There are 2 protein chains.
Amino acid sequence: MFDDVTKEELAFLQRFKTGELVAEPKSEILAEGASSAQLYTVLSGMGVRYKSVPDGDRQVVGFVLPGDFVGLQSGVMGEMQHTVESTTLMTLCVFNRSELWSLFKSQPARAFDLTHLAATEEHLLGEALTAVGQLEAIGKIAWLLHRFFARLTALRLARNDGVPLPYRQQDFADALGLSLVHTNKTLGKLRDDGVADWTDGRLIVPKPAELARLAQIGPDTKPLPRPLI
Amino acid sequence: MFDDVTKEELAFLQRFKTGELVAEPKSEILAEGASSAQLYTVLSGMGVRYKSVPDGDRQVVGFVLPGDFVGLQSGVMGEMQHTVESTTLMTLCVFNRSELWSLFKSQPARAFDLTHLAATEEHLLGEALTAVGQLEAIGKIAWLLHRFFARLTALRLARNDGVPLPYRQQDFADALGLSLVHTNKTLGKLRDDGVADWTDGRLIVPKPAELARLAQIGPDTKPLPRPLI
DNA sequence: CGATTACTTGAGGCCTGTCAATGATGGTGG
DNA sequence: CCACCATCATTGACAGGCCTCAAGTAATCG
């Protein structure tokens, strides 16, 4: 699902890279409102992006999967607009923000890719907003499960016993604007109906077409290809 | 609210510009799923961005105001993920997509600005998602009104009788995931309470602090500065 | 002056949130 | 080894915010 990378491009990215970071589960990678000196590409593990609301709630604005680039907002706008937190153990490829400008000057193709990545994020958020705004609970849950299933399958993380999905139901609730209780009951309904079963951190989808129908998604919708930085 | 532009940068943008477009109200500027050969900067007028849902509904993912750049998604990803439609009469500055690549090669500062713009859109969508996901109806409406009031004031469009707001209540409903009826009643409540009055295409805010409180926004939050292309 | 569009208002019902309690699991310390 | 605590999933009862249905008014237009 990623665009190809040529040898000389790879060479530049190697220079751009300054190290690797291993993050424990539930640790903060980037903090909302902070200006980070580093940008990251996720090599393995999963996490969440969320914004905090004054009254103590939070809105999950996205889920971070291997191959995702995080910190671009901080890189171009000065500070992060949301927090990035690891859910599982994560390893990240570290880049220095100070070299971002040299990338724009000397590697226009990589700069284009970064813009592409930002536009992709915008697209994903638009999809999420549409799901949260227009679907009812069963559709929202189905939408999110379908999205994970398609994305994780494209990442070749699917096995016979489904795909890994190490999040909590609370994460889903916060992503979809639902209460934890209703999220739980809706997941139970999908499980009882034999459409999708998310148990013990793994997701199994016996009826992908039915899941897509509930989510109002075309049955063969695939994740868009994206550049890998 | 826009970043400054130097003389030589302006010269390049003049070459980049290929003309102007005048769009009648309710006309489609860019269509979801289409690949556009043009990109635009809005010079005057207002519009909406929306995504269509299979069952006939739509989700408004943003409102287009003067200074906004539209078509970047098509420019970097190949096709638009949402439709852009004019609400009022609009004038737009037209750029050719084919020159986008030369911009990345020869004007890294402008390329950086484009990435900045994409990241800004991502930020705005994240805010919208948070409002739609976490606030109840009164808060959502207050949030959107507050956002318009701040943005239009920054654009110096404020007069003694408020700011222009030429949208329909249906546009608000589709943006916030509310029904038209409930949107209407909630607007009526804000009007009755003397917090905000949106009538005949103009918005007056007698109690900005109260509006911000309902929207869970810091009282002195300003729109983020952004580049102008 | 009929048709269209947009705004307004009332009534009733359901989807979803809140409150509350229980079970299961795993980590921790005595 | 077991009591204790924290986290997460699950389930039932109940209330309420919001949707749907329906009807009416006002303004614009050909």
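All chains are named by letter (A, B, ...) in the order of the sequence lines, taking the proteins before the strands, and each is independently numbered beginning at 1. All of these numbers come straight from a predicted model, not from anything done at the bench.
In the model, A/Q134 has a side-chain atom that pairs as donor or acceptor with a side-chain atom of B/Q59 under 3.5 Å. Using a 3.5 Å distance cut-off with no hydrogens or angles, the side chains of B/Y50 and B/E85 do pair a donor with an acceptor.
Distance CD (A/Q169) to P (C/dG17): 14 Å, rounded to an integer number of Å. Put simply, CG on B/L165 is 15 Å from P on C/dA6, counting in whole angstrom units.
Partner of A/F69 under the side chain to side chain contact (heavy atoms under 4.5 Å, CB included) criterion, out of A/V42, A/V64, A/L114: A/L114 alone.
A/K207 has no carboxylate O lying under 4.0 Å from a charged side-chain N of A/D197, or vice versa, which leaves the two without a salt bridge. B/R159 has a carboxylate O that lies under 4.0 Å from a charged side-chain N of B/D161, or vice versa, which qualifies the two as a salt bridge. Electrostatic pairing of A/D192 and A/K189 does not count as a salt bridge here, judged by no charged N lying under 4.0 Å from a carboxylate O. Electrostatic pairing of A/D174 and A/K51 does not count as a salt bridge here, judged by no charged N lying under 4.0 Å from a carboxylate O.
Residues of residues 128-146 of chain A having a heavy atom closer than 4.0 Å to DNA chain D: none are found. Near DNA chain D, defined here as any heavy-atom distance below 4.0 Å, the residues from residues 170-186 of chain A are A/V181, A/N184, A/K185, listed numerically.
The main-chain N or O of B/G78 is found under 3.5 Å from a side-chain atom of B/S35 such that the two form a donor-acceptor pair. Not one N or O on the side chain of B/S27 forms a donor-acceptor pair closer than 3.5 Å with the backbone of B/A23. Side chain of A/Q216 to main chain of B/V53: no donor-acceptor pair is present (N/O by atom type, distance under 3.5 Å, no hydrogens or angles).
When DNA chain D is scanned in the 5' to 3' direction for atoms under 4.0 Å from non-hydrogen atoms of chain A, the outermost contacting nucleotides are D/dC8 to D/dA13.
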